[in-house]
Amino acid sequence: MRPDDQAGMILGILRESYPNAQTALVHGNPFELLVSTILSAQCTDQRVNVVTQELFTRYRTPEDFAHIPRRVLEREIHSTGFFRMKAGNIIGCARAILERYKGEVPAKMAELVSLPGVGRKTANVVLSEAFGISEGIVVDTHVHRVSKRLGLAGSDSPVRIEEELMDRYPRRDWREVGTLLILHGRAVCRARSPQCASCSVSHLCPSAELYL
DNA sequence: ATCCCGAGGG
DNA sequence: CCCTCTGGAT
C-alpha cells in the first residue's frame, strides 16, 4: 500500500525505523504485563524491567501477589517511585482478579479499568499487547508529546488525543501506532532535546527544528 | 489542579 | 539545581 496522507506516511516510515515494534516491558503472561504497566507510571521501562526480573522469579500469578505483605512488596518495587500507591494497587488488582475474575486477567476494557490503579492507558497496553485486542490506542506521555509535535493530534487531554489518532488510523494499526510513537519518543523525539537532525520523519513534522 | 515518589540526565 | 520517565485517583 502507498499511503498518500500525512499520518499514513509517518506510520510507514516509523514502521521501517522500528521493525517488530512491541512493548519493551518484559513479561511472561497477561498478569505480569499488568503489573509491569502499573509499575511503569512515571518510571523508565528499563528500571521496571530491572525490578520485575527479580520480582517475577518470586511471584508470577494473582494468587502469589495477593498474599504478599504490603511492606514487603513496597520494598521490592521501591526504586520505581510511587511505591506505596503502586504496591497497594498491585495487591488490590491481584485480589480483585481472584475474587471477581476467577484468577484470570479480564480481556475487556470496562473490567480492566475497574481494577485499582488501572486507567485507560494501562488497559490499552494489556488489551493490545497481551490479548491482541485493539479497543483504543495507548496514550502515554510519549504518545502525547510526539503526536502533538507531528501534528497528528491537537488536543491536550489524553482521551481526545486518543480519539484523534483513532480517527486518523485504521483499527488494524492502533496497536502499532502506540508502540511506534512510544519508541520514537524515547529514542529520538525526546521531551528535553529532540534529535530532529536524525529524525526519519522530520520532513513531515511541523515542529521540526531544521538545521542541515 | 494536586498528590504520589525514586532515580537518572543535563 | 531542574526536568523527565509507557499515570491514576482525588
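Per chain, numbering begins at 1; letters A, B, ... match sequence-line order. Source: prediction; values computed, not measured.
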Test Thr44(A) against Gln46(A) for side chain to side chain donor-acceptor pair (under 3.5 Å), laying out the working first. CA-CA 5 Å; Thr44(A) 62; Gln46(A) 185 178 353; 5.3 Å; no
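Taking the ring pair (Phe, Tyr, Trp, His ring centres under 6.0 Å) definition, one finds that Phe82(A) meets it with nothing, sequence neighbours left out. Contacts of Glu16(A) classified as side-chain hydrogen bond (donor to acceptor under 3.5 Å, both in side chains), with partners at least two apart in sequence or in another chain: none.
For residues 17-37 of chain A, the side-chain hydrogen bond (donor to acceptor under 3.5 Å, both in side chains) pairs, not counting sequence neighbours, are Ser17(A)-Ser200(A), Tyr18(A)-His184(A).
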Taking distance alone, no hydrogens or angles, what donor-acceptor pairs closer than 3.5 Å link side-chain atoms of residues 134-141 of chain A to residues at least two apart or in another chain?
unit_1, atom_1, unit_2, atom_2, d
Asp140(A), OD1, His142(A), N, 3.2
Asp140(A), OD1, Val143(A), N, 2.8

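Read 5' to 3', the first and last nucleotides of DNA chain B with an atom closer than 4.0 Å to a heavy atom of chain A are dC4(B) to dG9(B).
Between Arg47(A) and Lys86(A), it is Lys86(A) whose nearest contact on DNA chain B lies nearer the 5' terminus.
Contact between Trp174(A) and Met166(A) at its shortest, heavy atoms only, is CH2-CE, 3.3 Å. Residues Cys93(A) and Pro116(A) share a closest heavy-atom pair of SG-O, 3.3 Å.
dC4(B) and dT6(C) are spaced 22 Å apart, taking the P atom of each and rounding to whole Å. Atom P of dC5(B) sits at a distance of 14 Å from the matching atom of dT10(C), rounded to the whole Å.
Other residues, nucleotides and ligands place no more than 12 heavy atoms under 6.0 Å from the CD atom of Glu104(A).
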Can you give one letter per nucleotide of nucleotides 1-10 of chain C, 5' to 3': B if a protein heavy atom sits under 4.0 Å from the base, S if only from the sugar-phosphate, - if neither? --BSBBBSS-
